[in-house]
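Accompanying notes for the structure given below.
Everything quoted here is computed from the prediction, not taken from an experiment.
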Amino acid sequence: MDTAAREFLSSLLHTPSPSGYEQPVQRLVRDYLVGCADSVTTDSHGNVVGRKGAAGKTRMLLAGHCDQIGLIVQYVDADGFISVQPIGGWDPIQLIGARVMIWTAVGPVAGVMSRKPIHLLTDEERKVVPKMKDLWIDIGATDKADCESVVRVGDCITLELKMQELRNGRVASVAMDDKIGLWVVLEAFRRAAALGPLPCELFVASTVQEEIGLRGAKTCAHGVDPQVAIAVDVTHATDCPTIDKKTEGDVAVGKGPVVYRGPNMNPHVVDRLVSVGLSRGIPVQLAASGRATPTDANALQMTRAGVATGLVSIPNRYMHSAVEVVSLDDADRAADLLAAFCRGLEGEIDWAPS
């Protein structure tokens with residue numbers, strides 16, 4: 001991954017985008033696409049779509065969701081402590097002791113996610129997994145009025161946004177789910193377009209609200225009306241302690257992007273992705289899902305009369321935490337894989353399973 005691409009990924013990761021509050025990161029996406037797309041549009045849901053190529057050819061859509069899990073201000077008590085609701089799926093244990101940022105109309109407000117110290121917990125309290133209602137945010141306010149001078153009910157909250165470099169090209173950050181997938185589809189779009197006239201009409205979408213029900217992909221795909229689509233998301237890496245490969249599959253960080261097989265994925269799309277990987281020397285891992293996946297691929301496949309859908313995933317350790325770990329090489333290879341896939345969509349293609 002070159003310096004400019006790494007800096008763009010860093011900018012995505014350092015920009016807040018909880019579901020329903022994606023506007024700041026979508027501004028980055030629009031600015032990026034202006035340099036490589038024929039047109040860039042934003043729909044009323046907030047999805048940003050770039051298009052390249054001539055109409056009348058195969059309509060191909062690459063989709064990555066830009067939203068991240070977060071929190072939302074629910075209540076401010078008399079002493080200025082803030083109670084929250086989750087946006088998306090949180091394990092409350094991940095939040096205890098976390099540094100957070102509240103994104104307010106007057107700018108970001110720093111806080112800490114807190115609970116009663118262990119010394120003061122009763123024996124019974126120590127045995128119980130904490131619930132969201134047992135936690136609160138402390139911004140250092142003196143009372144309710146002081147807190148409400150900067151914070152309003154409905155303001156969104158993220159964990160501290162920070163990308164940390166690890167060894168061997170691995171990086172850790174909150175919101176790798178799915179900003180690494182978003183980076184992949186944007187970079188794949190740019191790489192495919194840079195190689196000259198496209199054999200397809202290529203669309204790329206930064207979709208919203210995936211974490212609360214695949215909502216953006218549903219509306220975006222209806223508008224684009226693609227014949228073939230590939231979602232890029234993260235998947236659980238199983239190359240760390242306590243994860244059972246027999247039940248979760250064998251997926252390793254650094255061994256390449258993951259191509260999913262199963263009823264949510266069109267077999268022709270899967271075969272083409274695997275063939276592209278073999279012909280280009282791009283390592284590809286296989287994973288299986290016997291049901292509709294909890295990704296944008298689910299919504300894409302069910303659009304209108306049906307879409308030939310694929311799912312490419314980036315191995316991710318510690319999903320939905322502040323320290324999600326991915327390999328930059330996996331992301332780079334995924335962008336090359338998808339760019340080559342799009343460049344190979346010559347002529348009329350029958351996507352019907354046979």
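Looking at K179 and S17, their side chains do bring a donor and an acceptor atom within 3.5 Å of each other. Looking at S19 and D67, their side chains do bring a donor and an acceptor atom within 3.5 Å of each other. If you check the side chains of T293 and N264, you find a donor sitting under 3.5 Å from an acceptor. The closest side-chain donor-acceptor pair between Y260 and T235 falls under 3.5 angstrom. When only modelled atom types and interatomic distance are considered, D177 and H320 share a side-chain donor-acceptor pair under 3.5 Å. Side-chain atoms of R30 and T42 include a donor-acceptor pair closer than 3.5 Å. Judged purely by distance below 3.5 Å, without hydrogens or angles, the side chains of S173 and E324 never pair a donor atom with an acceptor atom.
The backbone N or O of G254 sits less than 3.5 Å from a side-chain atom of D330, completing a donor-acceptor pair. Side chain of R59 to main chain of D225: a donor-acceptor pair is present (N/O by atom type, distance under 3.5 Å, no hydrogens or angles). Looking only at distances, a side-chain donor or acceptor of Q301 sits under 3.5 Å from a matching main-chain atom of P263. Put simply, the side chain of E125 gets close to the backbone of T122: a donor and an acceptor are under 3.5 Å apart. A distance-only check finds no donor-acceptor pair linking the side chain of T303 to the backbone of G306 [under 3.5 Å]. Proximity of a side-chain donor or acceptor of R343 to a complementary backbone N or O of A192 within less than 3.5 Å is detected. Here the side chain of D31 pairs no donor or acceptor atom with the backbone of L28 at under 3.5 angstrom. Although no hydrogens or angles enter the test, the distance criterion places no donor-acceptor pair under 3.5 Å between the side chain of E346 and the main chain of G344. Between the R317 side chain and the H236 main chain, no donor and acceptor come within less than 3.5 Å of each other. Although no hydrogens or angles enter the test, the distance criterion places a donor-acceptor pair under 3.5 Å between the side chain of R170 and the main chain of V253.
Closest approach of L286 to V258, counting heavy atoms only: C-CG1, 4.3 Å. Between I314 and A331, the shortest heavy-atom contact is CD1-CA, 4.1 Å. G80 and A141 make their closest contact through O-CB, 4.0 Å (heavy atoms, listed as atom of the first residue, atom of the second, distance). Here the closest non-hydrogen pair linking Q285 and V251 is OE1-CA, 3.6 Å. Residue V185 comes nearest to A205 through the heavy atom pair CG2-O, 4.3 Å, listed as atom of the first residue, atom of the second, then distance. For H268 against W351, the heavy-atom pair with the smallest separation is CD2-O, 3.2 Å.
Within 6.0 Å of NE2 in H45 there are more than 12 heavy atoms belonging to other residues, nucleotides or ligands. Residue L120 places its CG atom among more than 12 non-hydrogen atoms of other residues, nucleotides or ligands, all under 6.0 Å distant. Atom CE of M302 sits in a sparse spot, with 12 or fewer heavy atoms from other residues, nucleotides or ligands closer than 6.0 Å. Counted within 6.0 Å of NZ on K57, heavy atoms from surrounding residues, nucleotides or ligands total more than 12; the atom is thus considered enclosed.
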Checklist entry - What's the verdict on side chain to side chain contact (heavy atoms under 4.5 Å, CB included) for L338 and V184, showing C-alpha distance, side-chain angles and the deciding distance? => result CA-CA 8 Å; L338 293 178; V184 167; 3.8 Å; yes

Item to check | Full working for side chain to side chain contact (heavy atoms under 4.5 Å, CB included) between D146 and D143 | outcome: CA-CA 5 Å; D146 182 33; D143 55 25; 3.4 Å; yes

Item to check | Verdict with reasoning, V174 to S321, per side chain to side chain contact (heavy atoms under 4.5 Å, CB included) | outcome: CA-CA 6 Å; V174 64; S321 78; over 6 Å; no

Next on the checklist: Determine whether E201 and K52 satisfy the following criterion, side chain to side chain contact (heavy atoms under 4.5 Å, CB included), listing intermediate values before the conclusion.
Outcome noted: CA-CA 6 Å; E201 187 179 10; K52 185 80 173 179; over 6 Å; no

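Once rounded to the nearest 0.5 Å, the distance linking CE of M1 with CG of L328 reads 4.5 Å. Atom-to-atom distance recorded for Q68:CD and L182:CG is 11.5 Å, nearest 0.5 angstrom. How far NZ of K133 is from OG of S83: 10.5 Å, rounded to the nearest 0.5 Å. Expressed to the nearest 0.5 Å, how far CZ of R272 lies from CD1 of I230 amounts to 10.0 Å. Taking CG of L12 as the start and CE of M176 as the end, the distance is 10.5 Å to the nearest 0.5 Å. K245 NZ to D239 CG: the interatomic distance, rounded to the nearest 0.5 Å, is 6.5 Å.
For the pair F81 and V76, the minimum side-chain heavy-atom distance is 4.5 Å or more. Contact of the E248 side chain with the I243 side chain is registered, since non-hydrogen atoms from C-beta on lie closer than 4.5 Å. Residues T219 and T207 are not in side-chain contact: their nearest non-hydrogen atoms beyond the backbone lie 4.5 Å or more apart. Here the side chains of L135 and I96 are in contact, with some heavy-atom distance below 4.5 Å. Contact annotation: the side chain of R6 never approaches that of T3 to less than 4.5 Å [non-hydrogen atoms, C-beta and beyond]. Side-chain atoms of P18 and I157, non-hydrogen and from C-beta on, never get closer than 4.5 Å to each other. Within the 4.5 Å cutoff, side-chain heavy atoms of C147 are placed close to those of I82.
A cation-pi arrangement is present between K144 and Y75, with the terminal nitrogen or guanidinium carbon under 6.0 Å from the aromatic centre and inside a 45° cone about the axis.
Look at D296 and R215 and you find no salt bridge, because none of the NZ, NE, NH1 or NH2 atoms lies under 4.0 Å from a carboxylate O.
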